[in-house]
There are 2 protein chains.
Amino acid sequence: MSETADLPLPVPDPASASARRVQSRTTSFDVAALAGVSQSAVSRAFTPGSSIAPAKRQRILEAARKLNYVPNSIASSLTTKRTNIVALILGNLANPFYVEVLRTFIDRLQAQGRQILTFTVENGADSDEAILRVLRYQVDGVVLTSAQLSTRMTSMCHDRGIPIVLFNRYIPGSDASGVRCDNAGGGRLMAEAFLAAGARSFAMIKGDPKGTTSQDRARGFTERLLEAGVARSAIREIEGASTYDGAFSAVLAAYRREPDRLPDAIFGINDIMAMGAMDALRQRMGLKIPQDVMIGGFDDIPESRRHPYQLTTVRQPVERMVDEALAILHLDEPALPIEPGIDRQVPGRLVWRGTIPAPALPGA
Amino acid sequence: MSETADLPLPVPDPASASARRVQSRTTSFDVAALAGVSQSAVSRAFTPGSSIAPAKRQRILEAARKLNYVPNSIASSLTTKRTNIVALILGNLANPFYVEVLRTFIDRLQAQGRQILTFTVENGADSDEAILRVLRYQVDGVVLTSAQLSTRMTSMCHDRGIPIVLFNRYIPGSDASGVRCDNAGGGRLMAEAFLAAGARSFAMIKGDPKGTTSQDRARGFTERLLEAGVARSAIREIEGASTYDGAFSAVLAAYRREPDRLPDAIFGINDIMAMGAMDALRQRMGLKIPQDVMIGGFDDIPESRRHPYQLTTVRQPVERMVDEALAILHLDEPALPIEPGIDRQVPGRLVWRGTIPAPALPGA
DNA sequence: GTGAAAGCGCTAACAT
DNA sequence: ATGTTAGCGCTTTCAC
């Protein structure tokens, strides 16, 4: 998507949609007429903090009620230049972690009286088209949890005063701000857990090769192992495509024929892949976890807590990350300048469950 | 939420947000000036199917590119009275089935060039406030998968020419249109599966008691069993709150102390509850499925296919249901009248997997 | 505190 | 095919 303005966005043809179904919406003029006041008074009645006599406001609200009047936010946005809409661009809703992220953003934004415009983008695809669509709607801010973003898009947003925040990814060499879990640090935590449990040979199931998230977790994990004296050859890498099925078949492909090459411990770069690996190992290869192989994950999705898995994993503090992301957007202070280049990292936390034998304190 | 116009929606205070971050957006006038044409020519250049010389259009698009111009949809909506936005009001994203529904709606609408405004509503709460918020944004249509809806809201939408469609629920005695799975029929399918497998005593784990979905499935299930001569006393009802955890603990509460009262078969009114029940039964009570108890679910979420579950369930044809819902909205033909009172039912299909011994054809 | 009036950025007749 | 003009429904000076 290198074109910009001239790209043929699939906008519904207004020619075929031009006919109106609406008879005549009731406007603030109608309310004004009924209440016997000016139209601007009606506007004030619906604007918190504007100067209007309480009695008059009551009268107006009363009239509005009678007419089932609802202010037209589209019209007011035209003058205020604020829509109270935030765009959320998501990848992979097949990963429950991102469903949780979505839920949290919706909760927060909804409570603030803001609306959410949701987009999804193919995993790994670029989000330029989505951004362009979002720009037309003059959103107050953009949250991007998916895929790639061209620097051109970043500056188009910023030029228009629309702040944009990356969630759990960053673009090296870009001035886009973002929040992410300390993925490398989390990878290290997992390495330490495995080491403490006595593992000496390892595999990691990696996700999207272009995703910094997967790379960072793998890097932290590997680095920590190397520091501990593990040989590079004792760390195998497997591609799991970030999905349950991908991990499931990748594990089978890697070990079914040669179960003797199985490592002591396998790190699923996210929980959903760790779960796929567990199922492949147990159901298809008849192995026991953690007796035959230890497994670790990353995210702490609700499913990883369930009985068939009881997955030891690195918990991402979603709520905190969401709050930090919203803070970067500073929707409440649009006058403040957009802050570029922020890269806020939030530490993850190891959650011990059943897939790695805990060395000392099982419950911690 | 009985008030209407005067309710204090948590709208961000414009007084504090009035300051502008935007310097001066580039408008169609700027593009017109650069291209040396009238402003309306610019508008036409961006409107598919409008009469403009191809050469001129190119020149305009070129100029737009240079200026990073993007048309302002908010402004155009003001005149066209179409926003190309559809509102999606969701309950429970904790149930993967609704995540799938969300994904499907997003896919479809995005491909049509439409935007999605997403809301969530507490399960069982009324959606009036969400509707009111949505109305302000003049959306082109509303999809409601959650909770209750007052008839007052239905008519407020319809009065404004905004079509609304209920997804997998209906409101008896209302003229709101909707699409749903044939839930009662699905319940019957499950009853038949259990009977065919030789079950003679039963339990159902029910969800939201106010939800028609849960009620209908339970009703169909029960009716079919009674028809087959099963005594009402051989059908137990358990409340599972529509969640994994709810079902998990409900099953434990019901049977842990008296495992001898266990029925031959348990019907989880949705998959997520069936999964909770399975885990409770197997991990906490040491039972084998289907040898000790058979289990059936409803929805066919991706998780139910996974190895630890292999759940026999009733599949809801999500894609088809979504398409039917969008057809009712007929977004492409806004001139056509809103169709009230449609109640489209789509049949479910039994998917045999491992939690009910298949009587004859295991793979079918 | 209140009303009149001038836009916000665009589309849609209406002429030409 | 193209430019001119009049709004769409609201907010916001600006007088009073």
Side-chain angles (χ1 to χ4, degrees), chain A residues 11-15 17-20 22-33 35-60 64 67 69-84 135-138 160, chain B residues 11-15 17-20 22-33 35-60 64 67 69-84 135-138 160:
Chain A
V11 172
D13 183 355
S18 65
R20 229 37 25 73
V22 185
Q23 306 75 354
S24 61
R25 329 201 160 210
T26 88
T27 75
S28 54
F29 281 94
D30 303 323
V31 177
V37 297
S38 74
Q39 178 273 333
S40 31
V42 177
S43 173
R44 292 189 179 106
F46 281 94
T47 306
S50 67
S51 61
I52 184 173
K56 175 169 290 196
R57 157 172 276 141
Q58 281 319 312
R59 201 146 42 87
I60 293 172
L67 298 176
Y69 169 75
V70 173
N72 182 333
S73 295
I74 295 292
S76 77
S77 295
L78 197 54
T79 29
T80 61
K81 275 126 176 58
R82 293 243 102 200
T83 52
N84 287 324
L135 285 180
R136 296 189 170 207
Y137 285 85
Q138 318 290 110
R160 279 148 219 272
Chain B
V11 172
D13 183 355
S18 65
R20 232 36 25 73
V22 185
Q23 305 76 354
S24 60
R25 330 203 160 205
T26 88
T27 73
S28 54
F29 281 94
D30 303 321
V31 177
V37 297
S38 74
Q39 179 273 334
S40 34
V42 177
S43 172
R44 290 186 181 112
F46 282 94
T47 305
S50 65
S51 61
I52 183 173
K56 175 168 285 196
R57 159 173 275 144
Q58 281 317 311
R59 201 147 41 88
I60 293 174
L67 298 176
Y69 169 76
V70 172
N72 183 333
S73 295
I74 295 294
S76 77
S77 295
L78 198 53
T79 27
T80 62
K81 276 132 175 57
R82 294 240 101 198
T83 52
N84 287 325
L135 285 179
R136 294 190 171 208
Y137 284 84
Q138 320 288 116
R160 277 149 221 270

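Lettering of chains follows the sequences in order, A, B, ..., and the numbering in each one begins at 1.
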**OP:** Round to the nearest Å and state the distance from B:Arg25 atom CZ to C:dC10 atom P.
**Re:** 10 Å
Subject >> End-to-end axis angle, where each axis spans five pairs of the helix from C:dG1-D:dC16 to C:dT16-D:dA1, to 10° >> reply: 30°
Original post:
Between the base of C:dG3 and the side chain of A:Arg44, is there a donor-acceptor distance below 3.5 Å?
Top reply: yes
Original post:
Does A:Tyr137 have a side-chain nitrogen or oxygen under 4.0 Å from the phosphate oxygens OP1 or OP2 of C:dG9?
Top reply: no
Original post:
Mind checking whether B:Val70 and A:Arg160 have side chains closer than 4.5 Å, heavy atoms only?
Top reply: yes
Original post:
Starting at CG of A:Leu78 and ending at P of D:dT11, how long is that distance when rounded to a whole Å?
Top reply: 11 Å
Original post:
Can you check whether B:Ser38 has a side-chain N or O nearer than 4.0 Å to OP1 or OP2 of D:dG3?
Top reply: yes
Original post:
Heavy atoms, side chains only, cut-off 4.5 Å: are B:Lys81 and A:Arg25 in contact?
Top reply: yes
**OP:** Starting from C1' on D:dG7, measure out to CD on B:Gln39 and report it in whole angstrom.
**Re:** 13 Å
**OP:** Take atom CZ of B:Arg160 and atom P of D:dG9, then tell me their distance rounded to the nearest Å.
**Re:** 12 Å
**OP:** Write down the distance between CZ (B:Arg136) and P (D:dC8), rounded to a whole number of angstrom.
**Re:** 21 Å
Original post:
When all nucleic acid strands are considered with a 4.0 Å heavy-atom cut-off, which category describes B:Ser76: base, sugar-phosphate, or nothing?
Top reply: sugar-phosphate
**OP:** For B:Ser28, answer base if it contacts any base atom (sugar-phosphate contacts may also be present), sugar-phosphate if it contacts only those atoms, and nothing otherwise; contact means non-hydrogen atoms under 4.0 Å.
**Re:** sugar-phosphate
Subject >> All side-chain hydrogen bond (donor to acceptor under 3.5 Å, both in side chains) counterparts of A:Ser76, not counting sequence neighbours >> reply: none
**OP:** Give B:Ser51 one of three labels, base, sugar-phosphate or nothing, depending on what nucleic acid heavy atoms sit under 4.0 Å from its own.
**Re:** base
Subject >> Rounded distance in Å - CZ (B:Phe29) to C1' (C:dC10) >> reply: 8 Å
Original post:
Looking only at side-chain N and O atoms, does A:Lys56 come under 4.0 Å of OP1 or OP2 in C:dG3?
Top reply: yes
Original post:
Does a nitrogen or oxygen in the side chain of B:Lys81 sit under 4.0 Å from OP1 or OP2 of D:dG9?
Top reply: yes
